[in-house]
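One-based numbering, in listed order, for ligands and for the atoms of each.
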Amino acid sequence: MKVLVINAGSSSLKYQLYDMTDESVLAKGRVERIGMDSAILVHEPTDKQDVTEVSEILEHTTAIRKVVDILTHPEHGVLSSISEIQAVGHRVVHGGESFSSSVIVTPEVKKEIKRLFDLAPLHNPAHIMGIDAVELNMPGVPQTVVFDTAFHQTMPAKTYMYAIPRVLYTKHKVRRYGFHGTSHYYVSHQAADFLGKPMEELKIVTCHIGNGGSVTAVLNGKSFDTSMGMTPLEGLMMGTRSGDLDPAIVPYVMGKEGLTINEVNSMLNKHSGLQAISGLSSDMREITQAMDEGDRNATLAFDMYEYRIRKYIGAYAAAMNGIDALVFTAGVGENAALVRERVCEQLSFLGIEFDHESNKVRSGDNRRISTASSKVQVLVIPTNEELVIARDTYRLIEENGK
Ligand SMILES: Nc1ncnc2c1ncn2[C@@H]1O[C@H](COP(=O)(O)OP(=O)(O)O)[C@@H](O)[C@H]1O
Ligand SMILES: CC(=O)OP(=O)(O)O
Ligand SMILES: [Mg+2]
C-alpha cells in the first residue's frame, strides 16, 4: 500500500510518500509561500534528481494538485498513476479532548476539527484546507488524521488543569493539551529500544526543539506532563513564540500599547522568542553564528533559550522522582550541538555524564551523547512524525477494510 503523508500549514504544505510494504520513502517535498506572490515547490524523489518549481499557488487546492502532478510526472514522478495512492494521512495539531488516537476522516471528524479552530488558529484551519484539497484532487481516497495532542491525553488532571475558575474548563475546555505528541511518542519508544529496556520501566524526558519546541515527561511509556499548554504557545522560548510569561503582562501591555486581542496574540506567537531578543533571526543557526561574532543580543537570546530547556528538564526530573533518559530531537535538538552541551553541562547533579566528543559527531542515526555508564542516558533521536502518521494510516485502513 502507498500512503501519502501531509502536514499542511497556513502557508506551507509538506508531503512524504511511503511504500508501506517496506516503509520506504518514495519521495518527499514541500510547497512554501502558498498565497504569496510566488510559491515554491521542492520535490525530492528518493532515486531521482530533486526539482524546484516556482509558480503562483494561491491556495491549498492548487498546492495539492501540483503535488499530484509532480508525483506522476513522466520525468520527476515516482508513480504511474495517482490511483496508486491508497490512503492519505494528515498531521492535525489540535484534537482537543475528542481524540486520543488517530481516526479515519468522516464529515463528523471534520466538524470536530473545525470546532477546535479557536484553540489552534494557526494550525487547524490549514489542516482542514489540506483535507478538503485532497478530497477535491483525489476523490474517493480514504484520509486519516493523526493528532499532536493524542499522546498527551494520558496526562492526569493535576498536570493538565490550570488554577483558574473550573467553569472555564467545563464550559470552554480550557486546559493543557500539549503538542508534538507524535514526536514525543516516537522518540521515547526509540529511546527505550536503544537502551534495550521496556517503556513501562522508564522515566524519560523528551525535548522536541525545532521551530516550535516542547519538553515532555514520559513516565512508564505515557505522557505525564508537557510544556505546551492549551495552545502551542506555553513553555519553552521558541523561534518566534514567547513561551511562559506572567499572564498579567498581557492585559498590561494591551492597555499601555492599545493592542487588540489579535495583535497581542500575533506579538506573542510571531514576534517574540529568539527573533525578538536577538533582533536578528528565529533560526538557531543564525543565532549561534552571530554569537561567534560577539553579538550580545544573540548571546542573551541563546542563554535564555537554553536556560528554559534546562529548567523544564529539572522540573520534570522532580515530577517523576528522577529520570533514566534525556532525549533531544527536531531541528535544533538534532543539529545544535552547542544547545545540547549548554543544557547538559549543568545537569551533572542529576547524574548526567556528558560526552563532549560524541556530542560533536554529526549523524542522522539514533545516538548516545552521554558516557555509556552515565546514570542518566542522554540520546539524540531524529524524529519521524511522518513515519508514525504513515503507520497509523496503514493500520486504520487495513482494519477498516476487514
Ligand atoms: N544545522 C542546524 N544547526 C542549528 N539549528 C538548526 C540546524 N538546522 C535546523 N536548525 C533549527 O531547527 C529549526 C527548524 O526545526 P524543525 O524541527 O525542522 O521545525 P518545524 O518542523 O517546526 O518546521 C530551524 O528554525 C533552526 O532553528
Ligand atoms: C504544535 C507546534 O508548535 O508545531 P510546530 O512546531 O510544527 O509549529
Ligand atoms: Mg515540526
Side-chain angles (χ1 to χ4, degrees), residues 5-16 28 30-32 42 90-96 116 119-127 130 146-152 176-184 186-187 206-216 226-243 268-270 272-275 277-278 280-292 298 301-302 305-306 309 328-343 359-364 380-386 389:
V5 174
I6 295 203
N7 181 352
S10 53
S11 67
S12 71
L13 189 146
K14 296 187 200 159
Y15 62 93
Q16 226 168 96
K28 62 180 176 175
R30 59 189 187 275
V31 185
E32 281 166 356
V42 181
H90 295 263
R91 175 198 186 199
V92 172
V93 161
H94 219 309
L116 295 162
L119 294 183
L122 297 179
H123 292 93
N124 274 26
H127 305 322
V146 178
F147 298 95
D148 262 45
T149 44
F151 180 58
H152 299 300
R176 174 182 315 286
Y177 292 97
F179 300 89
H180 298 134
T182 311
S183 177
H184 291 292
Y186 177 78
V187 299
T206 48
C207 305
H208 174 108
I209 34 179
N211 203 11
S214 63
V215 183
T216 297
T226 191
S227 61
M228 280 181 167
M230 181 180 85
T231 76
L233 180 58
E234 192 180 343
L236 300 178
M237 177 173 164
M238 306 173 215
T240 62
R241 292 174 231 171
S242 65
L268 296 172
N269 278 291
K270 298 182 183 163
S272 295
L274 286 175
Q275 170 84 56
I277 300 298
S278 70
L280 267 180
S281 171
S282 60
D283 192 307
M284 186 49 77
R285 285 164 287 201
E286 291 183 44
I287 299 294
T288 43
Q289 195 187 331
M291 275 169 71
D292 286 345
F302 182 94
Y305 185 92
E306 72 82 12
I309 299 169
F328 289 95
T329 194
V332 176
E334 291 166 30
N335 297 300
L338 186 65
V339 173
R340 298 191 300 254
E341 179 187 311
R342 290 280 296 279
V343 166
N359 183 46
K360 286 184 196 128
V361 176
R362 295 201 141 269
S363 151
V380 178
I381 312 263
T383 195
N384 200 339
E385 292 155 286
E386 292 78 11
I389 296 172

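Side chains of Ser214 and His180: a donor-acceptor N/O pair is present below 3.5 angstrom, by distance only. Side chains of Asn359 and Arg340: a donor-acceptor N/O pair is present below 3.5 angstrom, by distance only. Using modelled atom types, one finds a donor on one side chain and an acceptor on the other under 3.5 Å when comparing Thr226 with Thr216. Ser183 and Glu385 share no side-chain donor-acceptor pair at under 3.5 Å.
Within the listing of ligand 2, atoms 1 (C) sit less than 4.0 angstrom from a heavy atom of Phe179. Contact atoms of ligand 2 toward His123: 2 (C), 4 (O), 8 (O) (distance under 4.0 Å to a heavy atom of the residue). Residue Pro232 has at least one heavy-atom neighbour below 4.0 Å for each of these atoms of ligand 2: 1 (C), 3 (O). Taking every heavy atom of Ala336 and a limit of under 4.0 angstrom, the matching atoms of ligand 1 come to 4 (C).
Which of His94, Arg91, Met228 comes nearest to atom 4 (O) of ligand 2 through a heavy atom is settled by distance: it is Arg91. Nearest-heavy-atom check against atom 24 (C) of ligand 1 across Thr383, Thr288, Asp283 picks out Asp283. Closest heavy-atom approach to atom 8 (O) of ligand 2 among the candidates Arg241, His180, Glu385, Lys14: Arg241. The option with the heavy atom closest to atom 5 (N) of ligand 1, from among Met284, Arg91, Met238, is Met284. Looking at Asn335, Ile209, Leu274, Thr240 and measuring to atom 7 (C) of ligand 1, the nearest heavy atom belongs to Asn335. Selection from Gly239, Gly331, Ala330 by nearest heavy atom to atom 12 (O) of ligand 1 gives Gly331. Between the choices Thr329, Leu338, Asn7, Val332, the shortest heavy-atom distance to atom 11 (C) of ligand 1 belongs to Val332.
Of all the heavy atoms of Asp148, the ones lying under 4.0 Å from any atom of ligand 2 belong exclusively to the side chain. Heavy atoms of Lys14 found under 4.0 angstrom from ligand 1 belong exclusively to the side chain.
The backbone N or O of Met230 lies less than 3.5 Å from a partner atom in the side chain of His94, making a donor-acceptor pair. Distance alone, capped at 3.5 Å, is enough to place a donor-acceptor pair between the Thr240 side chain and the Asn269 backbone.
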- Working for side chain to side chain contact (heavy atoms under 4.5 Å, CB included), residues Thr329 and Cys207: CA-CA 6 Å; Thr329 194; Cys207 305; over 6 Å; no
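Ring-centre distance between His184 and His152: below the 6.0 Å cut-off.
Salt-bridge formation is detected for the pair Glu234/Arg176: a Lys NZ or Arg NE/NH1/NH2 atom is positioned less than 4.0 Å from an Asp or Glu carboxylate oxygen.
At least one N or O atom of Asn211, backbone or side chain, sits closer than 3.5 Å to an N or O atom of ligand 1.
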